[in-house]
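Worksheet: one structure, shown below.
All figures in this text were calculated on a predicted structure; none of them were measured in a lab.
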Amino acid sequence: MSLYERMDRDVAPRARERIDYLLVYAVCFVVLMVEGVLRRIGSVMSGHRPAPLGAIFGEARIKAANCATSSFMGL
């Protein structure tokens, strides 16, 4: 039996990697949401029209995905 066949049968490492990715994604998303909300509060206090709430969620979602992906790529 080759090493490739053995790794194919073992499902645990893939599940562990997915959990790690989701944890990093969740932490990045929360931090980026706080940043977006603070930026929105700052724009309201300075008199500018803030971005819609949906735009803040979308931006945080995209940035969190980039953050989580790059954390496993060594960037």
(Q) Run the salt bridge (charged side-chain N to carboxylate O under 4.0 Å, His left out) test against R39 and tell me which residues pass, sequence neighbours left out. (A) E35, E59
Q. Run the side-chain contact (heavy atoms from CB on, under 4.5 Å) check on D20 and F72 step by step: do they pass?
A. CA-CA 9 Å; D20 290 345; F72 290 101; 3.8 Å; yes
Q | Cluster check V24, L22: I/L/V/M/F/W/Y, side chain < 4.5 angstrom | A | yes
Rounded distance [0.5 Å steps], [atom1] in [X] versus [atom2] in [Y]:
{"X": "L32", "Y": "N66", "atom1": "CG", "atom2": "CG", "answer": "10.0 Å"}
{"X": "M33", "Y": "L38", "atom1": "CE", "atom2": "CG", "answer": "10.5 Å"}
{"X": "Y25", "Y": "R61", "atom1": "OH", "atom2": "CZ", "answer": "6.5 Å"}

Q. Between Y21 and R16, does a side-chain contact (heavy atoms from CB on, under 4.5 Å) hold up when you go through it step by step?
A. CA-CA 9 Å; Y21 176 84; R16 175 69 180 175; over 6 Å; no
Q. S71 side chain to A68 main-chain N or O, any donor-acceptor pair under 3.5 Å?
A. yes
Taking only distance into account, with no hydrogens and no angle test, what donor-acceptor pairs under 3.5 Å do side-chain atoms of residues 44-51 form with protein atoms, sequence neighbours excluded?
| from | atom 1 | to | atom 2 | distance (Å) |
| --- | --- | --- | --- | --- |
| S46 | OG | G42 | O | 3.2 |
| S46 | OG | S43 | O | 3.1 |
| S46 | OG | H48 | ND1 | 2.9 |

Q: Check R40 against I56 and note the closest heavy-atom contact, atom names and distance.
A: CD-CD1, 3.5 Å
Q: Could you check whether the rings of F29 and F57 sit parallel, tilted or perpendicular, using 30° and 60° as the cut-offs?
A: parallel
